[in-house]
Novice: 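Got a structure here, written out as structure tokens. Questions coming.
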Amino acid sequence: MPTALVTGATAGIGAAFARRLASDGFDLVLLARDTARLEQAAEEYRAAHGVAVEVLSADLATEDGIAAAERRAAAGVDLLVNNAGFGQHDTFLKTPLAAELDMLKVHCEAVLRLTHAALPGMIDRGRGGVINVASVAAFFSRGTYGATKIWVVNFSESVEQDIAGNGVHVMALCPGWVHTEFHERSHMDKSAVPDFMWLDADTLVAAAVRDFRRGVGVSVPDIKYKALVGLSKAIPRGLSSRISARSGRRYE
Ligand SMILES: NC(=O)c1ccc[n+]([C@@H]2O[C@H](COP(=O)([O-])OP(=O)(O)OC[C@H]3O[C@@H](n4cnc5c(N)ncnc54)[C@H](OP(=O)(O)O)[C@@H]3O)[C@@H](O)[C@H]2O)c1
């Protein structure tokens with residue numbers, strides 16, 4: 001059985017990945033901070049799909065948490081889904097510096113180190129891959145959040161080029177707005193986003209898995225978000241930053 005390590009596997013997009021991969025027959029390594037929730041999810045996947053499930057309680061904003069995840073990734077996984085993440089409610093100067101630094105650790109350092117740990121084994125075996133969850137926010141000026149997510153996109157594209165021809169694939173996944181716990185956790189006002197812009201996590205993951213299998217480098221599920229990302233590249237950067245800043249103010 002192939003094994004998938006999913007970070008942030010207890011809620012939202014990560015849980016949708018875990019559900020989908022378990023139903024596809026992957027054994028799972030589920031990572032998050034809440035141990036009780038991890039155990040409960042593991043039990044559900046074992047019972048529903050007969051797959052082996054390990055749980056890894058780790059805080060990816062800490063050195064110990066990243067190191068533990070790194071060790072598990074280096075021990076051998078066929079698919080790594082770097083998904084754990086969180087949002088920020090406030091603008092840069094209103095956000096505590098510690099929260100900004102945690103974001104860099106979870107969104108960038110953990111992604112870099114887990115990818116670095118997992119890829120050599122995949123390349124030796126000539127198969128497998130990494131899905132790094134970025135965001136449509138990567139293509140707009142959205143504070144440190146957007147900055148970390150464009151790093152994820154650029155990093156994933158660059159590693160994909162480095163390993164080309166090895167039978168291993170690295171993809172950045174850029175979701176738009178998805179119904180998850182993300183917005184409540186970040187104290188964002190979801191009502192400011194029109195209904196038609198919201199995506200369902202299972203539908204998003206189905207599109208992501210399809211794109212991954214087709215070898216897509218940067219996956220942007222859903223036609224309206226493809227159009228938005230296309231627009232962000234077509235209009236002057238100053239203009240897209242101003243539009244982005246205006247929409248950001250709706251969350252303050
Ligand atoms: N929802 C959206 O609209 C949206 C849009 C674009 C991109 N994304 C991206 O999608 C990814 C998943 O977000 P989501 O919407 O599914 O969020 P979510 O529902 O809040 O789930 C976040 C998951 O990450 C885990 N997590 C958070 N901080 C962690 C840490 N320090 N160490 C380890 N695990 C941690 C959480 O579990 P514990 O609390 O137990 O650790 C949970 O399992 C993120 O990278 C996010 O930036 C989301």
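Note that the structure is a prediction, hence the values are computed from the model and not measured. Ligands are counted one by one from 1 in listed order, and the atoms in each one are counted from 1 as well. In this chain, numbering begins with 1 at the start of the sequence shown.
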Novice: Just let me know how Arg185 lines up against ligand 1, side chain, backbone, both or neither, with a heavy-atom cut-off below 4.0 Å.
Specialist: side chain
Novice: With a 4.0 Å cut-off, would you call Asp202 and Arg19 a salt bridge?
Specialist: yes
Novice: Using a strict threshold of under 4.0 Å (side-chain N to carboxylate O), is an ion pair present between Asp24 and Arg213?
Specialist: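 Salt bridge flag = yes for Asp24 with Arg213.
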Novice: When you check the side-chain N and O atoms of His89 and Lys94, is any donor under 3.5 Å from an acceptor?
Specialist: no
Novice: Which atoms from ligand 1 have a heavy atom of Ser135 less than 4.0 Å away?
Specialist: 6 (C), 7 (C)
Novice: Would you tell me whether Ser191 and Asp189 have side-chain atoms, one donor and one acceptor, within less than 3.5 Å of each other?
Specialist: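 Yes - a donor-acceptor pair under 3.5 Å links their side chains.
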Novice: Taking Leu93's backbone N and O only, do any of them form a donor-acceptor pair with Thr91's side chain (distance below 3.5 Å, no angle check)?
Specialist: no
Novice: Counting heavy atoms only, which of Leu60, Thr7, Asp34 is nearest atom 32 (N) of ligand 1?
Specialist: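 Answer by nearest heavy atom: Leu60.
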Novice: Regarding atom 13 (O) of ligand 1: of the candidates Phe17, Phe182, Tyr225, Phe86, which has the closest heavy atom?
Specialist: Phe182
Novice: Without swapping roles, check the side chain of Asn166 against the backbone of Ile163 for a donor-acceptor pair under 3.5 Å.
Specialist: yes
Novice: Testing the 3.5 Å rule here: is there a donor-acceptor pair between the side chains of Thr7 and Asn82?
Specialist: no
Novice: At under 4.0 Å between heavy atoms, which part of His183 makes contact with ligand 1: side chain, backbone, both or neither?
Specialist: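 Only the side chain of His183 comes within reach of ligand 1.
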Novice: Inspect the contact between Arg37 and Glu43 and indicate whether a charged nitrogen and a carboxylate oxygen are less than 4.0 angstrom apart.
Specialist: no
Novice: For atom 16 (O) of ligand 1, find the nearest protein heavy atom and state the residue, atom name and distance (0.1 Å precision).
Specialist: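 Its nearest protein heavy-atom neighbour is Ile13 N, 2.8 Å.
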Novice: Please report which non-hydrogen protein atom sits nearest to atom 44 (C) of ligand 1, along with the residue it belongs to and the distance in Å to one decimal place.
Specialist: Asn83 O, 3.2 Å
Novice: Does His179 NE2 have over 12 foreign heavy atoms under 6.0 Å away?
Specialist: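 Yes - once you tally the heavy atoms of other residues, nucleotides and ligands closer than 6.0 Å, there are more than 12.
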Novice: Atom 47 (O) of ligand 1: which protein heavy atom is closest, and how many Å away?
Specialist: Tyr145 OH, 2.6 Å
Novice: Starting from atom 33 (C) of ligand 1, find the nearest protein heavy-atom neighbour and note its residue, name and distance.
Specialist: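 Checking every protein heavy atom, the shortest distance to atom 33 (C) of ligand 1 gives Ala58 O, 3.3 Å.
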Novice: So which heavy atom in the protein is nearest atom 24 (O) of ligand 1, and how far is it from that ligand atom?
Specialist: Gly8 CA, 3.3 Å
Novice: As an exercise, identify every atom of ligand 1 less than 4.0 angstrom from a heavy atom of Gly85.
Specialist: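 Every atom of ligand 1 under 4.0 Å from some heavy atom of Gly85: 22 (C), 24 (O), 27 (C), 44 (C), 45 (O).
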Novice: Just to confirm my output: which protein heavy-atom neighbour is closest to atom 15 (O) of ligand 1, and how far is it?
Specialist: Thr180 OG1, 2.6 Å
Novice: Short list, please: which atoms of ligand 1 are under 4.0 Å from a heavy atom of Gly12?
Specialist: 16 (O), 19 (O)
Novice: Checking contacts here: is it the side chain or the backbone of Ala15 that comes within 4.0 Å of ligand 1, counting heavy atoms only? Could be both or neither.
Specialist: neither
Novice: Counting each atom of ligand 1 from 1 as listed, which ones have a heavy atom of Val106 under 4.0 Å away?
Specialist: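 The atoms of ligand 1 under 4.0 Å from a heavy atom of Val106 are 31 (N).
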Novice: Heavy-atom distances under 4.0 Å are what count here, so tell me which part of Lys149 touches ligand 1: side chain, backbone, both or neither.
Specialist: side chain
Novice: Report, in ascending order of atom number, the atoms of ligand 1 lying under 4.0 Å from any heavy atom of Trp177.
Specialist: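 Those qualifying, in numeric order: 3 (O).
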Novice: Looking at atom 43 (O) of ligand 1, what's its closest protein heavy atom, distance included?
Specialist: Thr10 OG1, 2.7 Å
Novice: Need the ligand 1 atom indices (1-based, order shown) with element for anything under 4.0 Å from a heavy-atom of Val133.
Specialist: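 Checking each atom against Val133, I get 9 (C), 10 (O), 11 (C).
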Novice: Considering only protein heavy atoms, which is closest to atom 27 (C) of ligand 1, and at what distance to one decimal place?
Specialist: Arg33 NH2, 3.4 Å
Novice: Using a 4.0 Å heavy-atom threshold (strictly under), name the region of Ala9 that reaches ligand 1: side chain, backbone, both or neither.
Specialist: backbone
Novice: With a distance cut-off below 6.0 Å to the six-membered ring centre and an angular limit of 45° from the axis, does Lys190 pair with Trp177 as a cation-pi contact?
Specialist: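 Lys190 over Trp177 ring: no.
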Novice: When you measure from the side chain of Asp27 to the backbone of Ala52, do you find a donor-acceptor pair of N or O atoms at a distance under 3.5 Å?
Specialist: yes
Novice: For Ala137 and ligand 1, answer yes if some heavy atom of the residue is under 4.0 Å from a ligand atom, otherwise no.
Specialist: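 No, Ala137 has no heavy atoms under 4.0 Å from ligand 1.
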Novice: Tell me which part of Ala134 gets within contact of ligand 1: side chain, backbone, both or neither, using heavy atoms under 4.0 Å.
Specialist: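 Contact part for Ala134 vs ligand 1: backbone (N, CA, C, O).
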Novice: Picking from His107, Lys149, Glu100, what satisfies side chain to side chain contact (heavy atoms under 4.5 Å, CB included) with Thr144?
Specialist: Glu100
Novice: Taking atom CZ of Arg125 as the centre, does the number of heavy atoms from other residues, nucleotides or ligands within less than 6.0 Å exceed 12?
Specialist: yes
Novice: Do any nitrogen or oxygen atoms of Val178 come within less than 3.5 Å of a nitrogen or oxygen of ligand 1?
Specialist: yes
Novice: Applying the side chain to side chain contact (heavy atoms under 4.5 Å, CB included) test to Met171, which of Ile131, Asn132, Val130, Val218 qualifies?
Specialist: Ile131
